Amino acid sequence: MAENISFSVALPYEAEQISWPQGHESVVVAREHNSLMVAEETPLALIYNGIDYAVMMITPHDIDDFIVGFSFTEDIISSGADLRQIKITAQSDSLRADVRVNAESLRKVLARTRRPIAGRTGCGICGADMESITNRKICGVIGQEPDANAIHKALENLRNHQVLNKGVGMLHAAAWCLPNGHIVHMREDVGRHNALDKLIGYGLRHQLDFTQGFCFLTSRCSYEMAAKAVAAGMSAVVSLSAPTALAVRTARAAGLVLISPARTTGMYMVSPAPQDQESI
């Protein structure tokens, strides 16, 4: 496990701050030396039973949750019981996770003959082949529309729960909200899909019921975000930024309630499709 791993989540860097008076464009700008807190990106090598599978760029926090969630949403494991051991070691500027899985999970790893995935920060399916994306089976969920007032409550309190993001301003978050809008779990990462994997991993480790409440994302909802939410059995997802068309189609096909974009002034429920319209 990762309890003894100590990597910084963010580091201060010297920078030159450039500013100008508000409302004035054609003026001499002011320059001064300052410092800027910058989020860390750490390569994490994921090795299953001695087989290199992926290198993902993550925020080095809640690493065990990420490994469990990633393994699940990658369809390597079917439940947390398929994991036998997680051993994380720190190297000079990276992390290595040696993960032991059961025989069925190992067969899935061996069946994937692609080279190890190099996971960029902004992408959740880097390294996947085209067939694995277009032919991916999407299971069904029982969607439940969250109460609008509960969503508004979560919106108003979302930023206050982003503990790691304070002073950094660039970390994504995936939050789990109770039906009344109270935020009970929050996971953060420089990668939006990593944050969701961490939340899903936490849920698997602690038997969280993803049908009772909704997931709130501070990022856009693209295809892999919707697919991960469906795989976890979530009934509803709310995101601050707009969805992609494929995310909408994925949510509608699975029965996932998708509300995106969501603002304190209003929101769009793009899935399910309006009853008087055909799906896009």
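Everything numeric in this text was worked out from a predicted model, so none of it was measured.
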Next item on the list: Flag yes if Met56 and Ile200 sit in one hydrophobic cluster, no otherwise; membership is Ile, Leu, Val, Met, Phe, Trp, Tyr, and two members link when side-chain heavy atoms are under 4.5 Å apart.
Entry: yes
Notebook entry, point to check: Should the pair Asp98-Arg96 be classified as a salt bridge under the 4.0 Å nitrogen-to-oxygen rule?
Noted result: yes
Checklist line | Pairwise side-chain contact, Tyr268 with Pro261, heavy-atom cut-off 4.5 Å (strictly under) | finding: yes
Checklist line | Considering all heavy atoms, the nearest Gln144-Thr211 contact | finding: NE2-O, 3.5 Å
Next item on the list: Applying side chain to side chain donor-acceptor pair (under 3.5 Å), name anything that partners Glu145, two or more places apart in sequence or on another chain.
Entry: none
Item checked: Distance-minimising heavy-atom pair for Pro146 and Ile259 -> CD-CD1, 4.0 Å
Margin query: Taking the side chain as everything from C-beta on, heavy atoms only, tell me whether Pro272 gets closer than 4.5 Å to Val257.
Written below: yes
Can I get a per-line list of side-chain donor-acceptor pairs under 3.5 Å for residues 175-186, giving both atom names and the distance, sequence neighbours left out?
{"from": "Asn180", "atom 1": "OD1", "to": "His182", "atom 2": "N", "distance (Å)": "2.9"}

Check: Judged by atom type as modelled, is there a donor-acceptor pair below 3.5 Å linking the side chain of Glu188 to the main-chain atoms of Val163?
Finding: yes
Next item on the list: Check Ser222, Ser219, Ser260 against Ser239 for a side chain to side chain donor-acceptor pair (under 3.5 Å) and give me the one that passes.
Entry: Ser260
Check: Can you tell me how far CD1 of Ile63 sits from CD1 of Ile67, rounded to the nearest 0.5 angstrom?
Finding: 7.0 Å
Notebook entry, point to check: Side chains of Thr42 and Glu40: donor-acceptor distance under 3.5 Å anywhere?
Noted result: no
Margin query: In this structure, would Phe214 and Val237 fall into the same cluster of hydrophobic residues linked by side-chain contacts under 4.5 Å?
Written below: no
Margin query: Going by ring pair (Phe, Tyr, Trp, His ring centres under 6.0 Å), name the residues that satisfy it together with Tyr48, two or more places apart in sequence or in a different chain.
Written below: Tyr53
Next item on the list: Inspect the surroundings of CD in Glu14 and state if more than 12 heavy atoms from other residues, nucleotides or ligands are less than 6.0 Å away.
Entry: no
Checklist line | Donor-acceptor contact below 3.5 Å, side chain Thr218 vs main chain Ala173 | finding: yes
Check: Are Tyr202 and Leu204 connected in the hydrophobic side-chain network, where two residues link if heavy atoms are under 4.5 Å apart?
Finding: no
Next item on the list: Indicate yes or no for a side-chain donor-acceptor contact from Asn165 to the backbone of Leu171 under 3.5 Å, with no hydrogens or angles considered.
Entry: yes
Next item on the list: Could you tell me whether His33 atom NE2 has more than 12 heavy atoms of other residues or ligands within 6.0 Å of it?
Entry: no
Notebook entry, point to check: Taking atom CG of Leu83 and atom CZ of Arg205, what is their separation to the nearest 0.5 Å?
Noted result: 10.0 Å
Next item on the list: Report the C-alpha distance between Phe66 and Leu44 in whole Å, list the side-chain angles of each, state the deciding distance to 0.1 Å, and finish with yes or no for side-chain contact (heavy atoms from CB on, under 4.5 Å).
Entry: CA-CA 10 Å; Phe66 171 73; Leu44 172 67; 3.7 Å; yes
Checklist line | Short N-O contact, Lys153 and Glu156, less than 4.0 angstrom | finding: no
Note to self: Measuring from atom NE2 of His193 to atom CG of Leu217, what distance do you get when rounded to the nearest 0.5 angstrom?
What the structure shows: 12.5 Å
Margin query: Please report the interatomic distance CG(Asn34) to CD(Glu32), rounded to the nearest 0.5 Å.
Written below: 5.5 Å
Margin query: Looking at Val190, is its backbone amide N or carbonyl O close enough to the side chain of Thr59 to form a donor-acceptor pair, meaning the two atoms are under 3.5 Å apart?
Written below: yes
Note to self: Checking the side chain of Ser105 only, and the main-chain atoms of Val101 only, is there a donor and an acceptor separated by less than 3.5 Å?
What the structure shows: no
Next item on the list: Might you work through the side-chain contact (heavy atoms from CB on, under 4.5 Å) test for Leu46 and Phe70, ending with a clear yes or no?
Entry: CA-CA 10 Å; Leu46 289 158; Phe70 176 85; 3.5 Å; yes
Next item on the list: Decide yes or no on side-chain contact (heavy atoms from CB on, under 4.5 Å) for Ile76 and Leu106, but give the supporting numbers first.
Entry: CA-CA 8 Å; Ile76 294 173; Leu106 179 59; over 6 Å; no
Next item on the list: Nearest 0.5 Å please: distance from the NE2 atom of His172 over to the CG atom of Leu196.
Entry: 12.0 Å
Next item on the list: Determine yes or no for a side-chain-to-main-chain donor-acceptor pair under 3.5 angstrom, with Lys198 supplying the side chain and Val68 the backbone.
Entry: no
Notebook entry, point to check: CG of Asp64 to CD1 of Ile86: how many Å apart, nearest 0.5 Å?
Noted result: 5.5 Å
Check: Between the main-chain N or O of Leu11 and the side-chain N or O of Ser8, is there a donor-acceptor pair closer than 3.5 Å?
Finding: no
Notebook entry, point to check: With the 4.5 Å side-chain cut-off for hydrophobic clustering, are Met267 and Leu158 part of the same group?
Noted result: yes
Notebook entry, point to check: Can you find a pair of side-chain heavy atoms, one from Leu36 and one from Pro12, that are under 4.5 Å apart?
Noted result: no
Next item on the list: Show your working on side-chain contact (heavy atoms from CB on, under 4.5 Å) between Glu104 and Arg107 and close with a plain yes or no.
Entry: CA-CA 5 Å; Glu104 178 60 28; Arg107 279 192 285 270; 2.8 Å; yes
Margin query: Donor-acceptor pair, distance only, cut-off 3.5 Å: does the side chain of Lys87 make one with the backbone of Ala97?
Written below: no
Check: Is Glu224 paired with Arg192 through a side-chain N to carboxylate O contact shorter than 4.0 Å?
Finding: yes
Next item on the list: Check whether more than 12 heavy atoms from other residues, nucleotides or ligands sit under 6.0 Å from atom CD1 of Ile18, and answer yes or no.
Entry: yes
Next item on the list: Consider only side-chain heavy atoms of I, L, V, M, F, W and Y, link residues closer than 4.5 Å, and tell whether Val99 and Ile88 are in one cluster.
Entry: yes
Check: Considering all heavy atoms of both residues, which atom of Arg112 and which atom of Asp75 are nearest to each other, and what is their separation?
Finding: NH2-O, 3.3 Å
Next item on the list: Using a 4.5 Å cut-off on heavy atoms from C-beta on, say whether the side chain of Val141 contacts that of Phe210.
Entry: no
Checklist line | Flag side-chain contact, heavy atom, 4.5 Å: Ser78 against Lys108 | finding: yes
Item checked: Closest non-hydrogen atom pair, Ala247 against Cys221 -> CB-O, 3.3 Å
Check: Can you name the closest pair of heavy atoms from Phe7 and Ser94 and give their distance?
Finding: CZ-O, 3.6 Å
Notebook entry, point to check: What are the two closest heavy atoms between Leu256 and Ala226, and how far apart are they?
Noted result: CD2-O, 4.2 Å
Check: Does any non-hydrogen side-chain atom of Val38 lie less than 4.5 Å from one of Val168?
Finding: no
Next item on the list: Check whether the side chains of Arg31 and Ser19 place a donor and an acceptor atom closer than 3.5 Å, and report yes or no.
Entry: no
Next item on the list: Examine distances only and state if a side-chain atom of His152 and a backbone atom of Thr264 form a donor-acceptor pair shorter than 3.5 Å.
Entry: yes
Margin query: Just so I know, are the side chains of Leu155 and Leu240 near enough to count as touching, which here means a heavy-atom distance under 4.5 Å?
Written below: yes
